[in-house]
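Along the sequence shown, the residues carry numbers beginning at 1. The analysis underlying the following values was restricted to heavy atoms, covering all of them including side chains, and did not include hydrogens, waters or symmetry mates.
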Amino acid sequence: MLRASLRPLFFSFSITLCLFTVLMGFAGSYGISSSHAASSTTPQNNNSDSQGVYWPQNQVLPKFSEPHHLDVVDLQQAPGDIHLMMSTLQGIVNREQPNIYLIEQNHDEGPYTWLNDSHIPYQMKDPWAVVNQYFHAAKGVIIYDPNLMDTTNIATTEAGLKDGLAVSPALAQKLTAAPYKLPVLDDLRGKFANSLAAYTWEFQNLWPQTTHRMLIGLRPTTSVQVPSDNWKNFQTIMQVQQPVRDSSNRSTYNIDLSNYLGGDAVYLRFQDAYPQDGWGPSVHQVTVKADGNVIAQFTGCSQQEEQYIFDHGGSSCDNNPTDPHRFADGSTYFVYRFVPPANTKQLTVSVDMWNEYLISASKVAPQVSSDEQVAFGYLRDYAVANHAFVFWLNTQKPDEAALFNQILSAVKPETPYLGWFDDEPTGVRMTSQHGVYVLAADWFSNLTVWSGMEAPSKPIQPAIAPPLQNKVYVTLNVSDGDNLQYDEHYMRALWDNPDRGKVPLNWSISPVLLDAAPFFMNYYQTTASKNDMLIAAPSGAGYFHPSEWPADNLNTYLQHSNAYLRRMGTNIVYIIDPNSTLSPSVAQAYSQMNLNGVFLNNYNQSTLTIANGNLPVSTELNTGTAADIVNSIKQETANWDGKSPLFISVLLIAWNSNPSDAVYISQHLDSNYSIVRGDQFFQLAREANKLPPQN
């Protein structure tokens with residue numbers, strides 16, 4: 001999620017967590033550029049009994065063979081280098097036939113939920129039992145450099161090209177010895193001066209051998225798991241007493257930390273007092289005094305600040321040149337560590353901050369910091385299986401952004417970028433300008449398995465709109481369905497909420513699940529209630545900014561995208577774009593898709609306009625909690641005279657909302673309001689504006 005000042009135009013996840021989506025295989029206009037673009041066993045027809053990767057020219061993502069039995073490994077407590085090794089082994093093995101399934105961390109839906117729903121026979125095994133069973137499929141090991149963790153990405157790319165296991169030096173010692181005796185295919189230790197040098201070498205030497213039908217952007221490491229009792233010694237010392245989102249409580253707050261002296265240091269944690277609305281504390285200036293003497297003074301997000309941060313906690317920076325600050329929205333946080341001189345009697349901190357702060361302190365160090373980084377697996381099995389190019393470049397650093405643009409220029413328009421970025425707006429702008437669409441998938445688990453699990457698309461039946469009346473018609477959209485890993489994990493948790501189905505809800509979802517995980521799409525379709533509707537997430541079958549996409553390709557791109565939308569069973573798209581309105585050319589491109597209507601961005605108000613003379617466009621209201629939304633809807637209708645229908649669409653941020661919030665909204669609106677599904681919403685809007693209906 002972006003900072004509050006930018007939130008009206010953009011939303012997605014990513015912390016880290018997170019993401020983001022894809023489009024349809026518009027790589028259809030060109031072929032595989034090298035023999036490494038797909039398995040040599042690729043079948044010529046989509047026969048579930050055939051082995052190998054099947055990737056037709058007009059398909060976004062490849063299909064894998066259907067899994068018949070799985071060896072399941074629980075890695076939830078395993079170290080990072082084991083995750084990486086097992087994921088690359090999984091990619092090598094599953095390229096021919098999906099046999100390995102990994103239980104990784106961060107599964108909101110439950111570690112075995114999808115696996116048990118699929119009814120694929122499986123057997124639980126120890127990691128090394130699976131290595132012993134399948135290591136012959138590997139031709140050797142590629143050793144990454146623990147002093148330059150970006151080499152985990154280079155090693156992943158090489159693992160796909162050389163059928164090798166990406167491993168740490170410690171694992172290499174074990175795997176090169178008996179009984180494995182695997183040769184070293186490459187040793188990346190000490191080979192590169194920095195990350196830019198590593199990715200430059202990778203692009204110069206490995207790019208020609210990789211598939212050019214997809215790009216994969218993965219962080220080289222992830223944070224260690226923070227235990228639930230990590231903050232047990234922290235005590236709350238200051239907390240805002242009511243929601244504040246307009247910085248009206250900005251002040252310099254003086255905090256006495258003298259009671260926390262006596263340890264090796266004093267730890268000060270900042271977090272969001274109201275995490276459901278995403279307007280956490282913003283810190284501009286910090287001054288620390290020991291017995292009246294300044295021992296630390298810095299501005300948030302400055303170089304000076306770094307020496308005092310114990311744990312960044314997924315917090316973010318607003319680098320406004322006149323008012324830079326660090327902020328922590330939702331579940332993110334940050335922790336400072338201050339070391340006072342010996343025998344200090346009084347320790348005070350002055351903090352220039354605002355919005356929804358919750359501050360706690362401790363003299364005991366937390367067990368771990370999320371800044372501790374380890375290797376990880378997740379999407380790497382898919383990268384290895386497809387011989388994909390894996391990289392991670394900082395879009396905010398000119399030299400790295402230049403290489404990023406060079407890589408984007410090396411692929412054809414309508415190529416998918418799977419993974420995420422260090423900065424969402426910049427990353428999506430760069431990819432869009434090159435005609436590349438985004439699939440947030442860096443935390444997707446077992447994609448080599450789910451891409452082979454076949455299931456038919458069973459579109460949800462359209463709902464008939466009620467008779468048009470002079471009412472306020474409200475429709476509720478759940479965000480983030482463009483994010484494939486959200487579709488796998490958190491969306492399933494929301495879907496299982498017992499209040500789902502009580503109120504009409506539009507669930508954004510990626511149409512490319514039809515390729516990536518057709519079983520997931522089928523599940524959502526077949527378990528939907530009459531009040532559930534699936535709509536295409538931004539900005540079609542993939543995430544991109546329409547105004548920044550190459551104009552000469554936009555119509556073609558959306559035609560290809562439309563094929564996926566129709567197969568999924570929707571003619572409604574949620575668009576994200578830097579512009580507040582659709583330009584005439586963009587409106588024309590979407591109009592040729594014969595859409596019922598589109599939702600555009602999210603703001604503090606909702607308006608309905610008609611673009612290109614025939615396309616209803618509704619900007620979305622987005623204001624925070626369910627109570628906030630009810631108040632905002634009522635403010636929107638304060639001047640409504642009741643003599644004509646009014647149309648309001650609302651964005652429910654998936655990470656902060658659930659179906660119970662939709663029920664709350666419904667219960668707190670009177671009979672002047674009618675909550676309807678998205679298809680009904682646009683049918684009624686068309687009727688009110690004398691537009692023909694869309695099938």
Open item on the list: Less than 3.5 Å apart, any donor N or O on the side chain of Asn116 or Tyr122 sitting next to an acceptor on the other?
Closed with: yes

TODO: Kindly say whether the aromatic ring centers of Phe544 and Tyr437 come within a distance under 6.0 Å.
DONE: no

- [ ] Mind telling me whether Tyr378 and Trp443 have parallel, tilted or perpendicular rings, with 30° and 60° as the class edges?
- [x] perpendicular

Open item on the list: As an exercise, state the distance from NE2 of His387 to NZ of Lys162, rounded to the nearest 0.5 Å.
Closed with: 14.0 Å

Donor-acceptor pairs under 3.5 angstrom involving side-chain atoms of residues 138-147: please list them, not counting sequence neighbours.
{"from": "Asp145", "atom 1": "OD1", "to": "Asn147", "atom 2": "N", "distance (Å)": "2.9"}
{"from": "Asp145", "atom 1": "OD2", "to": "Gly190", "atom 2": "N", "distance (Å)": "3.0"}

- [ ] Among Val390, Ile407, Leu418, find the one that has a side-chain contact (heavy atoms from CB on, under 4.5 Å) with Leu215.
- [x] Ile407

- [ ] Verify the distance criterion only: is there a donor paired with an acceptor across the side chains of Glu488 and Ser445 at less than 3.5 Å?
- [x] no

TODO: Compute the centroid of each ring, for Phe192 and then for Tyr199, and state whether the two points are separated by less than 6.0 Å.
DONE: no

- [ ] Establish, from distance only, whether the side-chain atoms of Gln485 and Asn483 form a donor-acceptor pair under 3.5 Å.
- [x] yes

Open item on the list: For Ala516, is there any backbone N or O sitting under 3.5 Å from a side-chain donor or acceptor partner on Ser451?
Closed with: yes

TODO: Return yes if a side-chain donor-acceptor contact under 3.5 Å exists between His312 and Glu306, otherwise no.
DONE: yes

Task: Inter-residue atom distance Phe404.CZ - Leu408.CG, 0.5 Å rounding - done: 5.0 Å

- [ ] Heavy atoms only: give me the nearest Asp264-Val339 pair and the separation to one decimal.
- [x] O-CG1, 3.8 Å

TODO: Would you kindly say whether Gln373 and Ser223 are connected by a side-chain donor-acceptor distance under 3.5 Å?
DONE: yes

Open item on the list: Assess, by modelled atom type and distance only, whether the side chains of Asp487 and Ser510 contain a donor and an acceptor separated by less than 3.5 Å.
Closed with: no

Open item on the list: Over 60° means perpendicular and under 30° means parallel, so tell me whether Phe203 and Phe389 are parallel, tilted or perpendicular.
Closed with: perpendicular

Task: Arg95/Asp163 ion pair, N-O < 4.0 Å - done: yes

Open item on the list: Regarding Arg380 and Asn153, do their side chains bring together a donor and an acceptor under 3.5 Å, going by distance alone?
Closed with: yes

- [ ] Inspect the contact between Asp423 and Arg429 and indicate whether a charged nitrogen and a carboxylate oxygen are less than 4.0 angstrom apart.
- [x] no

- [ ] May I ask you to check whether Gln97 and Asn99 show a side-chain donor-acceptor distance below 3.5 Å?
- [x] no

Task: Test item: side-chain donor near acceptor, Tyr134 and Gln90, under 3.5 Å - done: no

- [ ] Measure the acute angle between the ring planes of Tyr417 and Phe421, then classify it against the limits of 30° and 60° as parallel, tilted or perpendicular.
- [x] parallel

Open item on the list: My understanding is that only one of Trp450, Tyr523, Tyr101 makes a side-chain contact (heavy atoms from CB on, under 4.5 Å) with Ser118; could you say which?
Closed with: Trp450

TODO: Starting at CD of Gln105, measure out to CD of Gln76 and round the result to the nearest 0.5 Å.
DONE: 7.0 Å

- [ ] Give every residue pair that meets the salt bridge (charged side-chain N to carboxylate O under 4.0 Å, His left out) criterion with at least one member in residues 110-136, sequence neighbours excluded.
- [x] Asp71-Lys125, Asp117-Arg492

TODO: Assess the pair Tyr333 and Trp231: is the distance between their ring centroids shorter than 6.0 Å?
DONE: yes

